[in-house]
Amino acid sequence: MIPVAAKAVDHLAHPGTGAGVVPRHVAIIMDGNGRWAKKRFLPRLAGHRAGVEAVRRVSRAARAMGIEALTLYAFSSENWRRPAEEIGDLMGLLRRFIRSDLDELASENVRLRIIGDYRRFAPDLVAMVDDAVARTAANTGPLLAIALNYGAQGELAAVARRLAERALAGELDPAAISPDLIDRELDTHDLPPLDLLIRTSGEQRLSNFLLWQAAYAELLFVDTLWPDFTEAALADAVAAFGLRQRRFGGL
Ligand code: IPE
Ligand code: IPE
Ligand code: MG
């Protein structure tokens, strides 16, 4: 039986999740594509291709389970340190993914969102991404947020910069800067609070992903390499989440 989704409630008002509750917002650090390929004596690109298959599989499964928002870390602001050829391959896969999957996402009422400074990408890719987001903007269904050139420290620095500019212009009283105000300025401002953050591939770090938003998220590190992550693995993660006791500092 698929458990019912948690109601749209403020987390602090409803600290206990309890068994069988589906997280509203799941984020995934999709790691391990390169190691998946290496194990098979394949080029890293083959791992990234298999990673795209996993994106398709897992985002469909998340929708079927009633997860309201899924945020996927696809390219970090530090991934520019990779060889140009690999960056080019990743951009190529993103282009192909939009071409091949946008129709399905649009027809399934998915609302596509981007977090991160994706405007640093090639102009034609920026246009494709903007067009894809615009095509799903009037939808009302599940949210799929893709993190592109995303880094949490950069996101927070940008918020600080914008707020400082508003303060300097006399439009904002610094005393009014609160966690809620910052929340509303983040790239994730229209996503529900983060409930569950999963990282695949055995690494146990956040790699500059959703640092602010993860304040009270449940963290789950699994050894599975991202291309091997299945619908069942997502269901297991959701089940593990349902067994966590969330206290949010209370009792
Ligand atoms: C994650 O897989 C995909 C991206 C970061 C784009 P990796 O490419 O980091 O795979 P590993 O960590 O080398 O195995
Ligand atoms: C994090 O993975 C970024 C993405 C999954 C897009 P990395 O493979 O880049 O992280 P590190 O370098 O191992 O921390
Ligand atoms: Mg990696």
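FYI, the numbering just counts along the sequence from 1. When a ligand or atom number is given, it counts from 1 through the structure's own listing order.
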Just to check, does [X] reach to within less than 4.0 Å of ligand 1 when the distance is taken from its heavy atoms?
X: Glu203; result: no
X: Gly32; result: yes
X: Ala37; result: no

With the threshold set at under 4.0 angstrom, would you say Arg199 reaches ligand 2 through any of its heavy atoms? yes

Of all heavy-atom pairs linking Met30 and Val55, the shortest is SD-CG2, 3.6 Å

If you compare all heavy atoms of Ser207 against all heavy atoms of Arg199, which two are closest, and at what distance to 0.1 Å? OG-NH1, 2.8 Å

Hey, is atom 12 (O) of ligand 2 touched by any protein heavy atom at less than 4.0 Å? no

Per-atom contacts, ligand 2 versus [X] - under 4.0 Å to a heavy atom:
X: Asn79; answer: 3 (C), 6 (C), 9 (O)
X: Met30; answer: 5 (C)
X: Ser207; answer: 10 (O), 11 (P), 14 (O)
X: Phe75; answer: 6 (C)
X: Arg205; answer: 11 (P), 13 (O), 14 (O)

Can you find an N or O of Arg44 that's nearer than 3.5 Å to an N or O of ligand 1? yes

Polar atom proximity, Leu90 to ligand 1 (N or O, under 3.5 Å): no

Salt-bridged, [X] to [Y], with N to O below 4.0 Å?
X: Arg113; Y: Asp187; result: no
X: Arg63; Y: Glu104; result: yes
X: Arg56; Y: Glu53; result: yes

Measure the distance from [atom] to every protein heavy atom, then report the residue, atom name and distance (to 0.1 Å) of the closest one.
atom: atom 10 (O) of ligand 1; answer: Gly34 N, 2.9 Å
atom: atom 2 (O) of ligand 1; answer: Asn33 N, 3.2 Å
atom: atom 6 (C) of ligand 2; answer: Tyr73 O, 3.3 Å

Any idea how many protein N, O or S atoms are nearer than 2.8 Å to the Mg ion (ligand 3)? 1

Does the side chain of Ser76 come within less than 4.5 Å of Asn208's, by heavy atoms? no

Do Arg246 and Val21 have side chains that get closer than 4.5 Å, going by heavy atoms? no

So does Phe229 get a backbone contact from the side chain of Arg57, meaning a donor-acceptor N/O pair under 3.5 Å? yes

Under 4.0 Å to a heavy atom of His48 - the qualifying atoms of ligand 1, by number: 3 (C), 8 (O)

Side chain, backbone, both or neither: which applies to Ala74 and ligand 2 if a contact is any heavy-atom pair less than 4.0 Å apart? backbone

Test side chain to side chain contact (heavy atoms under 4.5 Å, CB included) applied to Ile177 and Asp173, Leu181, Asp180, the passing residue: Leu181

Exactly one of Thr140, Asp190, Val133, Leu143 should register a side chain to side chain contact (heavy atoms under 4.5 Å, CB included) with Arg111. Which one does? Leu143

For Arg35, enumerate each residue passing the salt bridge (Lys or Arg N to Asp or Glu O under 4.0 Å) test, keeping only those at least two apart in sequence or located in another chain. Asp31, Glu203

Are any of the N/O atoms on Arg82, whether in the backbone or the side chain, positioned under 3.5 angstrom from an N/O atom of ligand 2? yes

Which class fits the ring pair Phe209 and Tyr150: parallel under 30°, tilted 30 to 60°, perpendicular over 60°? perpendicular

List in chain and number order the residues that pass side-chain contact (heavy atoms from CB on, under 4.5 Å) with Arg82, two or more places apart in sequence or in another chain; answer none if no residue qualifies. Arg44, His48, Asn79, Glu86, Ile87

For atom CD of Glu78, decide whether the heavy atoms of other residues, nucleotides or ligands shown that lie under 6.0 angstrom number more than 12. yes

Name each donor-acceptor pair under 3.5 Å that joins a side chain in residues 230-242 to protein atoms two or more places apart or in another chain, with its distance.
residue: Thr230; atom: OG1; partner: Ala232; partner atom: N; Å: 3.3
residue: Thr230; atom: OG1; partner: Ala233; partner atom: N; Å: 3.1

